Visitor: 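Next up is a structure, given as structure tokens.
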Amino acid sequence: MRQLDVVIVGAGPAGIGMALALQRIPGLKYGVLEGDQIGASFRRWPRQTRFITPSFHSNPFGLADLNAVNELSSPAIHAGVEHPSGDQYAAYLAFIANGHNLPVVCRCKVLSVARLPRSGFRLDTEQGTLQTRFLIWATGEFQFPDLAPFPGAQWCTHYAHVTDWQDFTAPRYTVIGGYESGVDAAVNLVAAGRHVRLLVRKSTWDPDSDYDPSLSLSPYSRQRLYEAVDTTRLTIIFDVDIVKVSPCHRGGYRIHAADGRHWDEPQPPILGTGFLKGGGAIQIADLWEWNKEGRIVLTEADESTRTPGLFLIGPQVRHDQRIFCFIYKFRQRFGLIAHSLAQCLSLDASALQTGAGAWGPFGNSECCDGCEC
Ligand SMILES: Cc1cc2nc3c(=O)[nH]c(=O)nc-3n(C[C@H](O)[C@H](O)[C@H](O)COP(=O)(O)OP(=O)(O)OC[C@H]3O[C@@H](n4cnc5c(N)ncnc54)[C@H](O)[C@@H]3O)c2cc1C
């Protein structure tokens, strides 16, 4: 039985970035358990998918690369591109983890978590059992797609299960969903020469939509969407609330909208309808308090309100109107969580940087020396 102060579950950007913050606490015994490999979710992205948040080496001027997991590195420098692919970003994460000798154990899926009688947790993993005083859950959402957004969704292909849009060789497809993954699917199919019908509830890209990219389409996706429209192979149908997909007697599928409209489609419709609201946190659903919208309730320090000692980091974290679903957003919580753990364990937290100032604007002007990428 191994015993640690802190275990992080998941080695995506949340887990790796969190581990880099914990490394700054002298004397802390911590480890990262990863069910697959570092950056596994990014390795599963469709081959054509690119980061929508641009990477740029702005670090020496006090504004860290938007996609970096620490203040000194830059995916833009590591990959040499502004919009990394999934494989390029996974390679960056592995490079950073190895360069810092982070204690990451790969192929060590956490199978179950039990609370210990006084405090702490027992973790049963693919490689044995261990105990930890604190647990940080960083399992993301990409590997937890919502496969049942409406009846008949089992006839559809979810975005998260696509490896390569070149494998979609029929002349036309229907995509359901008008946010990032639906638009990415439509744009890549059009780029592959297909005709696409995109069914959306509302435009997430009109000028009146919210500016927060967690609620409206990013500039990168808008630009690609307009280019796809210009080919005339993309048809967008608005105000569509899909309620069912059913197989047709003569083959193909019928897509039903709430207002009675329907569309027949020979190919399985493609779902760009999103991921489970709790993402990978549903693996330990009993340890969280869930609100009526199906979101996890957290303290201001991102600790579970139901299970003291359990923290959440990553895209599921929400506080009122603040949605931390991008790396540049959720990385701002690394220092906060590390700080509260150091305090609980009476360890020195002086090397930690907390708050937005750690990442800029202009809060990190010392980093010209020793850039890691
Ligand atoms: C198409 C697409 C494009 C995106 N573009 C951007 C972008 O441009 N910029 C941006 O900031 N964000 C973007 N995002 C969102 C971003 O990818 C996620 O917010 C980010 O991956 C979350 O990081 P994470 O570390 O929380 O999760 P993940 O990267 O999913 O990592 C979670 C890890 O946990 C592991 N795991 C899961 N369960 C267990 C278990 N039981 N035991 C052990 N390990 C486990 C998984 O194998 C995985 O490696 C995009 C998302 C998608 C789907």
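Both ligands and their constituent atoms are indexed starting at 1 by order of listing. These numbers come from a predicted model, not from an experiment.
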Visitor: Run the numbers for me: atoms of ligand 1, each under 4.0 Å from some heavy atom of A138, listed by number.
Guide: 32 (C), 33 (C), 34 (O)
Visitor: When you compare the side chains of D184 and S181, does any donor N or O come within less than 3.5 Å of an acceptor on the partner?
Guide: no
Visitor: Judged by non-hydrogen atoms, does S181 sit under 4.0 Å from ligand 1?
Guide: no
Visitor: Please check if any side-chain donor atom of H319 sits under 3.5 Å from a side-chain acceptor atom of R333, or the reverse.
Guide: yes
Visitor: Out of Y89, W45, F324, F330, indicate the one that has the non-hydrogen atom closest to atom 52 (C) of ligand 1.
Guide: W45
Visitor: Does atom CZ of R197 have more than 12 heavy-atom neighbours, drawn from other residues, nucleotides or ligands, at distances under 6.0 Å?
Guide: yes
Visitor: Considering only heavy atoms, does Q143 approach ligand 1 within less than 4.0 Å through its side chain, its backbone, both, or neither?
Guide: side chain
Visitor: Quick one: does ligand 1 sit under 4.0 Å from the side chain of E180, the backbone, both or neither, non-hydrogen atoms only?
Guide: neither
Visitor: Verify whether one side chain among N67 and S55 offers a donor that lies under 3.5 Å from an acceptor in the other.
Guide: yes
Visitor: If we ignore angles and hydrogens, is there a donor and acceptor under 3.5 Å between the side chains of D348 and S350?
Guide: yes
Visitor: Looking only at heavy atoms of Y220, does any of them come nearer than 4.0 Å to an atom of ligand 1?
Guide: no
Visitor: Does ligand 1 come near enough to T49 that some N or O of the ligand is less than 3.5 Å from an N or O of the residue?
Guide: no
Visitor: So which protein heavy atom does atom 1 (C) of ligand 1 come closest to, and at what separation?
Guide: Y159 OH, 3.3 Å
Visitor: Return the option from I38, V110, I52, L33 holding the heavy atom at the smallest distance from atom 42 (N) of ligand 1.
Guide: V110
Visitor: Given that the side chain starts at C-beta and the backbone is N, CA, C, O, which of these parts of A160 lies under 4.0 Å from ligand 1, counting heavy atoms, or is it both or neither?
Guide: neither
Visitor: Among all the protein's heavy atoms, is there at least one whose distance to atom 14 (N) of ligand 1 comes out below 4.0 Å?
Guide: no
Visitor: Any N/O of P13 closer than 3.5 Å to an N/O of ligand 1?
Guide: yes
Visitor: Can a donor-acceptor pair be found between the side chains of T174 and Q267 at a distance below 3.5 Å?
Guide: no
Visitor: F311: which residues meet the ring-ring contact (aromatic ring centres under 6.0 Å, His included) condition with it, sequence neighbours left out?
Guide: none
Visitor: Closest non-hydrogen protein atom to atom 7 (C) of ligand 1, residue and atom name please, with distance?
Guide: T53 OG1, 3.4 Å
Visitor: Please check if any side-chain donor atom of Y159 sits under 3.5 Å from a side-chain acceptor atom of T49, or the reverse.
Guide: yes
Visitor: With heavy atoms only and a cut-off of under 4.0 Å, state how V9 meets ligand 1: side chain, backbone, both or neither.
Guide: side chain
Visitor: Is a side-chain N or O of T132 found less than 3.5 angstrom from the main chain of D5, in a donor-acceptor match?
Guide: yes
Visitor: Quickly, which of D164, D36, D87 forms a salt bridge (Lys or Arg N to Asp or Glu O under 4.0 Å) with R44? Name it, please.
Guide: D36
Visitor: Among F326, F42, F142, which one puts a heavy atom closest to atom 16 (C) of ligand 1?
Guide: F42
Visitor: Counting from 1, what ligand 1 atoms have a heavy atom of S41 closer than 4.0 Å?
Guide: 28 (P), 29 (O), 30 (O), 31 (O), 48 (C)
Visitor: Any donor-acceptor pair under 3.5 Å linking the side-chain atoms of S73 with those of H78?
Guide: no
Visitor: Under 4.0 Å, heavy-atom basis, I'd like to know which part of S218 is in contact with ligand 1: side chain, backbone, both or neither.
Guide: neither
